[in-house]
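Here the structure is laid out as structure tokens; the discussion comes afterwards.
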Amino acid sequence: MDDVRVTIVVVPRERFSYTERSLQNIYAHTTFPFKLIYVSAGTPPRVQQFLEQEALRRNFELVSVAHYLAPNEARNLGLRAVKTPYVVFMDNDALVTPGWLDALVRCADETAAEIVGPVYLEGEIRDVVRLERARIHMAGGKAHIEHENGASILYDEHLLAGMPLVNHRAEIARGPRDYVEFHTLLARTDVFERLGPLDEQLLSVNEHIDFCFDVRQAGGSVYMQPQAVTSY
């Protein structure tokens with residue numbers, strides 16, 4: 001495993017009910033070599049037992065704390081154990097499709113992007129038919145800050161939000177975005193050596209925009225890779 005280039009860090013964010021489905025889905029649809037660190041925080045006993053059994057069976061690192069953690073706290077906890085050039089942060093209810101990790105790494109390698117995100121769909125994805133019928137959560141985002149009446153206001157837009165994938169797949173091109181989301185997000189691990197850990201004062205919602213803004217302000221780039229498709 002010394003030649004593995006990616007560590008997936010899975011963290012709780014909104015719910016625990018998809019834990020089993022998401023973890024099984026990752027292993028079913030990921031052929032690109034990876035290590036996995038699973039952060040379990042405040043997990044219900046039945047789900048915790050499942051994670052402990054799977055950690056032994058699949059030989060991944062399970063980091064457990066008794067109390068719930070905010071997403072950035074959990075990500076930073078997992079990040080401390082990452083030794084690979086790339087880290088992928090995933091929510092514990094995300095689903096992936098075949099080839100997703102290969103495509104994210106390929107985009108980072110070819111573009112030198114610091115952050116790469118997939119096309120995010122909404123809801124269950126079990127087969128190609130349902131995948132094509134699925135609605136897009138976002139194909140990357142646009143965001144900017146304006147100063148109005150003495151206040152700083154964040155404007156952001158999910159590109160193609162709510163649109164059917166089948167109608168828009170051909171027009172989604174790989175390229176820079178203002179931000180992608182932590183549902184599934186690949187980053188170069190050395191970014192954190194330069195910028196420090198994720199801001200734990202941001203408890204939820206816009207922490208992905210903050211991180212992507214920091215990277216871009218430091219001269220890095222954020223890309224969306226349409227050949228990688230995941231669901232939220």
Any residue meeting salt bridge (Lys or Arg N to Asp or Glu O under 4.0 Å) with [X], in chain and number order, not counting sequence neighbours:
{"X": "D190", "answer": "R194"}
{"X": "R21", "answer": "E124"}
{"X": "R80", "answer": "none"}

> Any ion pair linking E207 and R13 (charged N to carboxylate O, less than 4.0 Å)?
Replying inline: yes

> Could R46 and E20 be called an ion pair, given the rule that one side-chain N must be under 4.0 Å from one carboxylate O?
Replying inline: yes

Name all pairs fulfilling the side-chain hydrogen bond (donor to acceptor under 3.5 Å, both in side chains) condition that reach into [range], sequence neighbours left out, sorted by first residue then second.
{"range": "residues 214-228", "answer": "D178-R216"}
{"range": "residues 162-174", "answer": "E110-R174, E132-R169, H168-E171"}
{"range": "residues 83-93", "answer": "T7-T84, R15-D93, Y86-D109, Y86-R188, D91-H183"}

Under the rule for side chain to side chain donor-acceptor pair (under 3.5 Å), what residues qualify as partners of [X], not counting sequence neighbours?
{"X": "E61", "result": "none"}
{"X": "E146", "result": "H144"}
{"X": "H137", "result": "E122, E181"}

> So which residues get pulled into F16's cluster when ILVMFWY side chains under 4.5 Å apart are joined, directly or through others?
Replying inline: Y68

> With ILVMFWY side chains joined below 4.5 Å, transitively, what does I153's cluster contain besides itself?
Replying inline: Y155

Using residues 95-102 as the side-chain source, report each donor-acceptor pair under 3.5 Å to any protein atom, sequence neighbours left out, with the distance given to one decimal.
{"from": "T97", "atom 1": "OG1", "to": "V229", "atom 2": "O", "distance (Å)": "2.7"}
{"from": "W100", "atom 1": "NE1", "to": "T30", "atom 2": "OG1", "distance (Å)": "2.7"}

